[in-house]
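To keep things clear, I will list the structure first and then write my remarks on it.
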Amino acid sequence: MKITAVIPAAGSGERFGGKKQLKRMGNRPLLFHTLQAFVRLVLINEIVVVVQKEDVRQIERELKSIISSKQIKVVAGGTTRQISVHNGLTVAHESSELICVHDAVRPFVTEALIEKAVNACSEHDGVIVAQPSTDTIKKVMDDQILETLPREIIWRAQTPQVFSKSALREALELAEAENIQGTDEASLLERIGYQVGYVEGSSLNMKITTEEDWIFAETIYNSLKND
Ligand code: CTP
Ligand code: MG
């Protein structure tokens with residue numbers, strides 16, 4: 001089964017204060033580190049990186065000069081992550097049956113984690129990587145706690161998220177038509193009745209959202225590098 005990885009990297013990093021996906025970690029843009037596992041993993045047939053329109057040519061050039069073993073398409077994203085993922089999906093090769101979406105800002109994804117999600121896909125319309133919550137989650141309103149959610153059933157969604165291409169396309173098209181914004185792709189499939197499974201991820205597969213996250217990420221980067 002052919003698989004296209006779609007890497008949304010077209011955000012503006014408002015909470016971070018800049019395009020974190022292009023900030024250098026070591027001497028490479030963060031995006032480059034994220035791509036490594038997808039480049040190495042043989043079961044990924046094609047990689048589509050979605051960046052802001054103004055960055056397409058430069059990133060294309062830079063990726064070509066450092067990665068030669070796998071074809072990488074670079075396309076322009078949109079104003080929301082959903083549109084960016086949709087733009088990536090549009091250029092996926094027609095023979096691709098699965099789409100593996102992964103945030104450009106989760107640089108420590110491993111080949112094993114991608115493979116685990118892909119393998120679980122045979123039993124579902126899609127599979128996401130998630131982690132059981134170690135925090136107790138509260139539902140709040142204004143300055144008050146409304147409810148404490150039972151921790152045993154709370155999982156925190158990460159990426160990779162792998163979907164049947166046709167199901168993901170349908171979910172994105174319907175969300176657009178109904179003006180619905182999901183915070184991840186899985187939620188768009190769930191809402192229209194598709195079965196999405198999950199596999200357990202790792203806290204090393206963190207997402208860099210804020211400047212504080214960058215400090216954690218650099219620590220992880222340095223300790224993995226020295227392994
Ligand atoms: N993303 C994208 N297109 C957008 C918005 C986000 O491709 N219009 C990508 C980001 O580049 C990132 C991933 O989606 O790799 C996760 O998004 P997030 O962490 O929210 O990044 P930003 O949207 O850039 O940050 P912020 O929400 O703070 O502005
Ligand atoms: Mg965002």
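Start at 1 and go down the list; that is how both ligands and their atoms are numbered. When reading the values below, keep in mind they use all heavy atoms of this one structure, side chains included, and skip hydrogens, waters and symmetry mates.
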Just so I know, are the side chains of Met25 and Phe32 near enough to count as touching, which here means a heavy-atom distance under 4.5 Å? no
What residue and heavy atom of the protein are closest to [atom], and at what distance?
| atom | value |
| --- | --- |
| atom 3 (N) of ligand 1 | Ser84 OG, 2.7 Å |
| atom 24 (O) of ligand 1 | Gly13 N, 2.8 Å |
| atom 15 (O) of ligand 1 | Pro8 O, 2.8 Å |
| atom 14 (O) of ligand 1 | Arg81 NH1, 3.5 Å |
| atom 18 (P) of ligand 1 | Lys20 NZ, 3.6 Å |

Among Gly11, Ser12, Gly78, Gly77, which residue places a heavy atom closest to atom 8 (N) of ligand 1? Gly78
For ligand 1, is any non-hydrogen atom under 4.0 Å from [X]'s backbone (N, CA, C, O), its side chain (CB onward), both, or neither?
| X | answer |
| --- | --- |
| Ala10 | both |
| Ile83 | neither |
| Arg15 | both |

Can a non-hydrogen atom of Thr80 be found less than 4.0 Å from any atom of ligand 1? yes
Below 4.0 Å from ligand 1: does a non-hydrogen atom of Lys19 turn up there or not? no
Could Glu111 and Arg40 be called an ion pair, given the rule that one side-chain N must be under 4.0 Å from one carboxylate O? yes
Residues Asp103, Arg81: salt bridge by 4.0 Å N-O rule: yes
Atom indices of ligand 1 within 4.0 angstrom of Lys207 heavy atoms, with elements: 16 (C), 18 (P), 19 (O)
So, applying side chain to side chain contact (heavy atoms under 4.5 Å, CB included) with Ile3, which one of Ile114, Ile47, Leu43 is it? Leu43
